[in-house]
Amino acid sequence: MRYRFLLLLLFASTLLPAQRDLLPVGPSAEERAMQQWYQFIAPAKSRGIEEPPPHPVRHMAEWEELQALSITWRTSPSYMPVLLTQIAKHASEEVPVVVFCNTQNVLNQATSTLQNAGVDLDKIQFSIVPNNSIWIRDYGPNCVYANDVEELYFVDWIYNRPTRPLDDVLPDGAGAHFGVPVYSTTQTPHDLVHTGGNFMSDGLGTGFASKLTLLENGTGPQNVYNAGPHTADDIDAILNTFMGIDRFVKMDILPYDGIHHIDMHMRLLDEETLLVGEYPQGIADGPQIEANLQYVLDNYSTAFGTPYKVVRIVQPPDGNGNYPNQGGAYRTYTNSVLVNKTVLVPTYEEKYDTTALRIYRENMPGYKVVGINCNSIIQLSGALHCVTKEIGVGDPLWIVHKSLEDIHDNELWSSYEVTAQIKHKSGIAEAHVYYTTDTLAGYEAVPLSLVDPDAGTWAGTIPHQENGSTIFYYIHAEANSGKKQVRPLAAPSGYFRFRVDGMPVSTSETTTIAVRPLYPNPASAITVIPVASSTHQPASIEVVDVLGRRVEVVFRGDLPAGESNYYLHANRLAPGSYFVVVKTNEAVMTQKLVVK
């Protein structure tokens with residue numbers, strides 16, 4: 001009876017709007033005090049569809065096409081409507097913005113505020129769905145697609161803030177608003193505690209998080225949610241079943257980030273690129289961030305089997321020059337949100353903002369990069385990514401492409417092969433690669449051909465270009481339904497690019513291993529992989545497909561010093577494009593292989 005009274009008191013406290021508006025992204029003092037007894041009296045978690053999705057699923061990457069961006073509205077503190085209005089204003093130029101409101105009164109206030117700010121209300125959707133806090137990133141719905149592209153589902157985890165029950169069930173309201181089924185990891189054996197700020201994926205089965213997820217689902221005192229307990233393998237299995245994650249990278253938590261959410265210091269810009277925050281040497285979370293980054297680079301490659309590209313961006317001090325270890329706010333530029341062709345980036349001070357915005361523009365050419373002042377909200381350890389949640393389209397035309405690398409032996413190349421995985425539930429009618437060496441002069445189109453129907457792989461070639469050229473290109477596809485899509489989404493203003501020249505680089509200056517051109521290539525039988533190593537060293541030689549999935553191990557062991565040949569039986573592979581990946585402790589070398 002006592003516990004029932006405490007639960008009623010707890011639920012009633014969630015309905016005090018003035019107090020709830022001030023909830024931090026991390027646990028409040030009230031929540032910390034309640035955690036001791038909460039583990040014995042956890043409220044019913046039953047909601048949604050409490051079983052795995054009926055089909056294999058793929059979690060949507062944040063750079064994929066959206067149908068909406070969702071936020072929860074707050075009328076106080078006074079800076080909150082200002083911030084939410086800026087988000088709604090810029091995001092609604094790309095997609096409708098869905099504003100979830102506690103009550104009709106809050107909805108009326110949101111409507112008035114947006115209208116007075118000149119926001120086009122035709123691009124805003126209002127929905128009354130009770131909630132406790134602004135941090136919709138953490139508790140909002142996660143978008144997954146059945147069989148890669150066929151049907152949109154929402155997945156809902158147990159929110160790791162036990163005294164915010166209305167937040168915890170908001171995905172059900174979102175599912176009703178969008179007409180999307182909600183699958184919930186709320187019941188044994190699939191009960192999982194997790195948060196959106198501590199999760200990112202590449203859309204190809206790789207997920208990233210801090211080890212907070214191990215603590216909150218394990219056997220220690222931080223599991224106060226009655227989840228599991230689950231081992232790391234259990235967690236991997238749940239994420240694979242509900243979200244299609246087959247490789248879950250877990251990094252050590254940071255000592256000065258109190259919420260331990262990775263979006264406070266890193267994000268994925270695409271399947272190949274990590275944007276990682278950087279502190280001055282030895283400052284705040286800098287040492288642990290560097291250790292975590294090195295761990296990822298040493299142990300994981302992209303889904304294409306190649307090393308991750310890393311872009312660094314400053315983690316600035318607060319207005320008084322203090323870093324988090326000195327009591328300063330956790331200012332971050334990685335807590336941004338991608339909304340189709342627009343990137344919303346938190347800003348703080350011009351002397352830091354200018355460089356941060358330039359880094360985004362250089363690495364996401366053609367995208368509209370908009371800075372939004374976050375000095376007020378960052379005091380609560382959150383920014384733009386934390387208060388927004390992407391909603392994917394219902395019929396994605398999905399394009400996955402491994403961007404072409406710079407070529408330093410251009411004379412050996414008669415053309416440059418472009419491959420992409422392209423899928424839509426109606427099938428693909430046609431695809432092209434558009435290329436140019438001068439974006440002001442326009443693009444030329446080259447058709448792509450379907451080379452692997454099962455994988456949805458298309459391929460074509462860009463003609464040989466002169467030494468010193470920079471080739472800009474993008475991929476365009478049309479589905480049988482008539483839907484069209486490009487990649488990057490900002491094309492033709494946005495593009496992939498690579499440079500060609502006739503100055504071969506001596507690999508001995510930078511690495512102790514080199515992979516000579518494969519022959520014959522294209523191949524249909526035995527193919528030679530010539531490898532030169534300056535030292536005796538352990539290595540592996542693997543063949544991966546265009547999505548980085550291993551299809552054959554050619555060699556694992558010690559490479560001898562000098563020249564050696566390894567042999568691949570190409571007739572065992574289906575026709576299409578592959579990559580031969582040679583890895584040592586010091587380098588990863590990749591060669592493209594075409595099997596005919």
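Keep in mind the model is a prediction, meaning the values are calculated, not measured. We number each residue from 1, following the sequence as shown.
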Trainee: At what distance, to the nearest 0.5 angstrom, does CG of Leu275 lie from CD1 of Ile313?
Mentor: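 These two atoms lie 5.0 Å from each other.
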
Trainee: Are side-chain N/O atoms of Asp234 and Thr231 paired as donor and acceptor at under 3.5 Å?
Mentor: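 Looking only at side-chain atoms, Thr231 and Asp234 do form a donor-acceptor pair, the distance falling under 3.5 Å.
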
Trainee: Go through the steps for Lys583 and Ser301 under the test side-chain contact (heavy atoms from CB on, under 4.5 Å), then give the verdict.
Mentor: CA-CA 10 Å; Lys583 297 181 183 179; Ser301 57; 3.8 Å; yes

Trainee: Output all residues satisfying side-chain contact (heavy atoms from CB on, under 4.5 Å) with Val149, sequence neighbours left out; order by chain, then residue number.
Mentor: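 Here the qualifying residues are Pro396, Trp398, Lys423.
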
Trainee: With no hydrogens and no angle check, do the side chains of Thr347 and Asn373 hold a donor and an acceptor under 3.5 Å apart?
Mentor: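 No, no side-chain donor-acceptor contact under 3.5 Å.
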
Trainee: Can you tell me how far apart CG (Asp168) and OG1 (Thr186) are? Round to the nearest 0.5 Å.
Mentor: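 Here the interatomic distance stands at 9.0 Å.
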
Trainee: Do Val276 and Thr334 touch side chain to side chain, with heavy atoms closer than 4.5 Å?
Mentor: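 Result no, sub-4.5 Å side-chain heavy-atom pair not found.
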
Trainee: Would a distance-only check, ignoring hydrogens and angles, find a side-chain to backbone donor-acceptor pair under 3.5 Å from Arg312 to Gly277?
Mentor: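 Flag set: sc Arg312 to bb Gly277 pair under 3.5 Å.
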
Trainee: According to side-chain contact (heavy atoms from CB on, under 4.5 Å), who are the partners of Pro54, at least two apart in sequence or on a separate chain?
Mentor: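 For Pro54 the side-chain contact (heavy atoms from CB on, under 4.5 Å) partners, ignoring immediate neighbours, are Tyr153, Tyr183.
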
Trainee: Write down the atom of Val129, the atom of Phe100, and the distance for their closest heavy-atom approach.
Mentor: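 Scanning both residues, the minimum pair turns out to be CG2-CD2, 3.6 Å.
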
Trainee: In a check of salt bridge (Lys or Arg N to Asp or Glu O under 4.0 Å) between Arg487 and each of Glu271, Glu65, Glu64, which one passes?
Mentor: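 Result for salt bridge (Lys or Arg N to Asp or Glu O under 4.0 Å) with Arg487: Glu271.
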
Trainee: Could you go through Glu50 and Ser184, starting from their C-alpha distance and side-chain angles, then the distance that decides it, and tell me whether this counts as side chain to side chain donor-acceptor pair (under 3.5 Å)?
Mentor: CA-CA 5 Å; Glu50 294 161 341; Ser184 299; over 6 Å; no

Trainee: Do you see a donor-acceptor pair shorter than 3.5 Å between the side chains of Thr342 and Glu94?
Mentor: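 There is such a pair (donor and acceptor under 3.5 Å, judged by atom type) between the side chains of Thr342 and Glu94.
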
Trainee: May I ask you to check whether over 12 heavy atoms, not counting those of Gln281, lie within 6.0 Å of atom CD?
Mentor: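 Counting neighbours around CD of Gln281, 12 or fewer heavy atoms of other residues, nucleotides or ligands fall under 6.0 Å, so no.
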
Trainee: May I ask you to decide if Val544's main-chain N or O and Arg550's side chain share a donor-acceptor pair within less than 3.5 Å?
Mentor: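 Absent.
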
Trainee: Could you tell me whether the side chain of Asp167 reaches within less than 4.5 Å of the side chain of Trp135, counting heavy atoms only?
Mentor: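 Answer no - side chains too far apart.
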
Trainee: Return the set of residues passing side-chain hydrogen bond (donor to acceptor under 3.5 Å, both in side chains) with Thr273 (not counting sequence neighbours), or none when no residue passes.
Mentor: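 side-chain hydrogen bond (donor to acceptor under 3.5 Å, both in side chains) list for Thr273, sorted by chain: Asp270.
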
Trainee: Tell me, do Met251 and Gln288 make a side-chain contact under 4.5 Å, heavy atoms counted?
Mentor: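 No, their side chains stay 4.5 Å or more apart.
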
Trainee: Set out, in order, the CA-CA distance, both residues' side-chain angles and the distance that settles side-chain contact (heavy atoms from CB on, under 4.5 Å) for Trp63 and Leu268, then state yes or no.
Mentor: CA-CA 9 Å; Trp63 51 82; Leu268 288 147; 3.6 Å; yes

Trainee: Is there a side-chain contact between Lys425 and Asp395 (heavy atoms, below 4.5 Å)?
Mentor: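 When only atoms from C-beta onward are counted, Asp395 and Lys425 do touch, with a gap below 4.5 Å.
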
Trainee: Please name the residue in the list His261, His260, His194 that meets the ring pair (Phe, Tyr, Trp, His ring centres under 6.0 Å) test with Phe199.
Mentor: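 Passing option: His194.
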
Trainee: When rounded to the nearest 0.5 angstrom, what is the spacing between CD in Glu552 and CG in Asp545?
Mentor: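 The CD atom of Glu552 sits 13.0 Å away from the CG atom of Asp545.
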
Trainee: Short question: side chain of Asp233, backbone of Asp236 - any donor-acceptor pair under 3.5 Å?
Mentor: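 No, the answer is negative, given that no donor and acceptor are paired below the 3.5 Å cut-off.
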
Trainee: Looking at Asn132 and Arg164, what are the two nearest heavy atoms and their distance?
Mentor: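 Heavy atoms of Asn132 and Arg164 come nearest at OD1-C, 3.0 Å.
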
Trainee: If you round to the nearest 0.5 Å, how far is CG of Asn102 from CZ of Arg74?
Mentor: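 Arg74 atom CZ to Asn102 atom CG measures 5.0 Å (nearest 0.5 Å).
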
Trainee: I'd like to know if Glu150 pairs up with Arg58 as an ion pair, taking the criterion as any Lys NZ or Arg NE/NH1/NH2 lying under 4.0 Å from an Asp or Glu carboxylate oxygen.
Mentor: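 No salt bridge links Glu150 with Arg58.
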
Trainee: Taking atom types as modelled and ignoring hydrogens, do the side chains of Lys389 and Thr72 form a donor-acceptor contact shorter than 3.5 angstrom?
Mentor: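 No, because no side-chain N or O of Lys389 sits under 3.5 Å from a partner of the opposite role on Thr72.
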
Trainee: Return yes if a side-chain donor-acceptor contact under 3.5 Å exists between Arg331 and Asn375, otherwise no.
Mentor: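 The answer is yes; a qualifying pair exists.
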
Trainee: Side chains of Pro324 and Asp257: closer than 4.5 Å at any heavy-atom pair?
Mentor: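 Of all side-chain heavy-atom pairs linking Asp257 with Pro324, none is under 4.5 Å.
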
Trainee: List the atom of Cys143, the atom of Gly392, and the distance in Å for their closest heavy-atom pair.
Mentor: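 Shortest heavy-atom contact: SG-N, 3.4 Å.
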
Trainee: Does the side chain of Thr185 come under 3.5 Å of the side chain of His190 through a donor N or O and an acceptor N or O?
Mentor: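 The answer is no; no qualifying pair exists.
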
Trainee: Restricting to side-chain hydrogen bond (donor to acceptor under 3.5 Å, both in side chains), what partner residues turn up for Tyr330, sequence neighbours left out?
Mentor: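 Expected list: Asp285.
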
Trainee: Please name the pair of heavy atoms, one in Lys250 and one in Lys211, separated by the smallest distance, quoted to 0.1 Å.
Mentor: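 Heavy atoms of Lys250 and Lys211 come nearest at O-CE, 3.6 Å.
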
Trainee: How close do Asp318 and Ala329 get, heavy atom to heavy atom, and via which atoms?
Mentor: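 Shortest heavy-atom separation between Asp318 and Ala329 comes out as OD2-N, 3.7 Å.
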
Trainee: When you check the side-chain N and O atoms of Thr206 and Arg247, is any donor under 3.5 Å from an acceptor?
Mentor: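 Note: Thr206 and Arg247 side chains meet the donor-acceptor criterion.
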
Trainee: Under the side-chain contact (heavy atoms from CB on, under 4.5 Å) rule, what do Val553 and Ser540 come out as? Steps first, then yes or no, please.
Mentor: CA-CA 8 Å; Val553 176; Ser540 66; 6.0 Å; no

Trainee: Using distance alone, with no hydrogens and no angle criterion, decide if Asp298 and Gln294 have a side-chain donor and acceptor under 3.5 Å apart.
Mentor: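 The answer is yes; a qualifying pair exists.
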
Trainee: Just how far is it from atom SG of Cys386 to atom CD1 of Ile259, taken to the nearest 0.5 Å?
Mentor: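 Those atoms lie 5.5 Å apart.
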
Trainee: Could you tell me if Glu216 and Asn160 have a donor-acceptor pair between their side chains, going purely by distance under 3.5 Å?
Mentor: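 A pair is found: one side chain offers a donor N or O, the other an acceptor, under 3.5 Å apart.
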
Trainee: Mind checking side-chain contact (heavy atoms from CB on, under 4.5 Å) for His90 and listing every partner two or more places apart, or none if nothing turns up?
Mentor: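 If we apply the side-chain contact (heavy atoms from CB on, under 4.5 Å) test to His90, skipping adjacent residues, the hits are Gln86, Leu344, Val370, Ile372.
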
Trainee: Does the side chain of Ser336 reach to within under 4.5 Å of the side chain of Pro346, using non-hydrogen atoms?
Mentor: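 They are in side-chain contact.
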
Trainee: Flag the pair Leu297 / Val310 as yes when at least one side-chain heavy-atom distance between them is below 4.5 Å, and no otherwise.
Mentor: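 Answer yes - side chains close enough.
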
Trainee: Going by the rule side-chain contact (heavy atoms from CB on, under 4.5 Å), which residues pair with Thr241 if we only count those two or more places apart in sequence or in a different chain?
Mentor: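 Pro52.
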
Trainee: Which heavy atom of Leu212 sits nearest a heavy atom of Ile253, and at what distance?
Mentor: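 Distance-wise, the nearest heavy atoms are N-CG2, 3.7 Å.
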
Trainee: Taking Tyr333 for its side chain and Asp353 for its backbone only, find out whether a donor-acceptor pair lies under 3.5 Å.
Mentor: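 Side chain of Tyr333 to backbone of Asp353: a pair is present.
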
Trainee: Can you tell me if Asn335 uses its side chain to pair, donor with acceptor, with the backbone of Asp263 under 3.5 Å?
Mentor: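 Answer holds: yes.
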
Trainee: So, Glu272 and Thr302: side-chain donor and acceptor under 3.5 Å apart, yes or no?
Mentor: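 The criterion, which ignores hydrogens and geometry beyond distance, is not satisfied for Thr302 and Glu272.
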
Trainee: When you measure from the side chain of Tyr139 to the backbone of Ser133, do you find a donor-acceptor pair of N or O atoms at a distance under 3.5 Å?
Mentor: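 Yes; judged by distance alone, with no hydrogens or angles, the pair exists.
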
Trainee: Taking Val387's backbone N and O only, do any of them form a donor-acceptor pair with Arg137's side chain (distance below 3.5 Å, no angle check)?
Mentor: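 Judged by distance alone, no pair lies under 3.5 Å.
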
Trainee: For the side chain of Asn240 and the backbone of Gly244, is there at least one donor-acceptor N/O pair under 3.5 Å apart?
Mentor: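 Pair absent, no side-chain N/O of Asn240 close to backbone of Gly244.
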
Trainee: Would you confirm whether the ring centroid of Phe208 sits within less than 6.0 angstrom of the ring centroid of Phe248?
Mentor: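 That pair fails the under 6.0 Å test.
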
Trainee: To the nearest 0.5 Å, how far apart are NE2 in His424 and CG in Asp148?
Mentor: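 So the gap between those two atoms works out to 13.0 Å.
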
Trainee: Is there a side-chain contact between Ile391 and Val98 in this structure, where contact means two heavy atoms from C-beta onward sitting under 4.5 Å apart?
Mentor: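 Side chain of Ile391 against side chain of Val98, heavy atoms only: no contact under 4.5 Å found.
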
Trainee: Taking atom types as modelled and ignoring hydrogens, do the side chains of His265 and Asn292 form a donor-acceptor contact shorter than 3.5 angstrom?
Mentor: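 Looking only at side-chain atoms, Asn292 and His265 do not form any donor-acceptor pair under 3.5 Å.
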
Trainee: With no hydrogens and no angle check, is any side-chain donor or acceptor of Asn223 less than 3.5 Å from a backbone partner on Gly218?
Mentor: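 Yes, the answer is positive, given that a donor and an acceptor are paired below the 3.5 Å cut-off.
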
Trainee: Taking Val193's backbone N and O only, do any of them form a donor-acceptor pair with Asn217's side chain (distance below 3.5 Å, no angle check)?
Mentor: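 Flag set: sc Asn217 to bb Val193 pair under 3.5 Å.
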
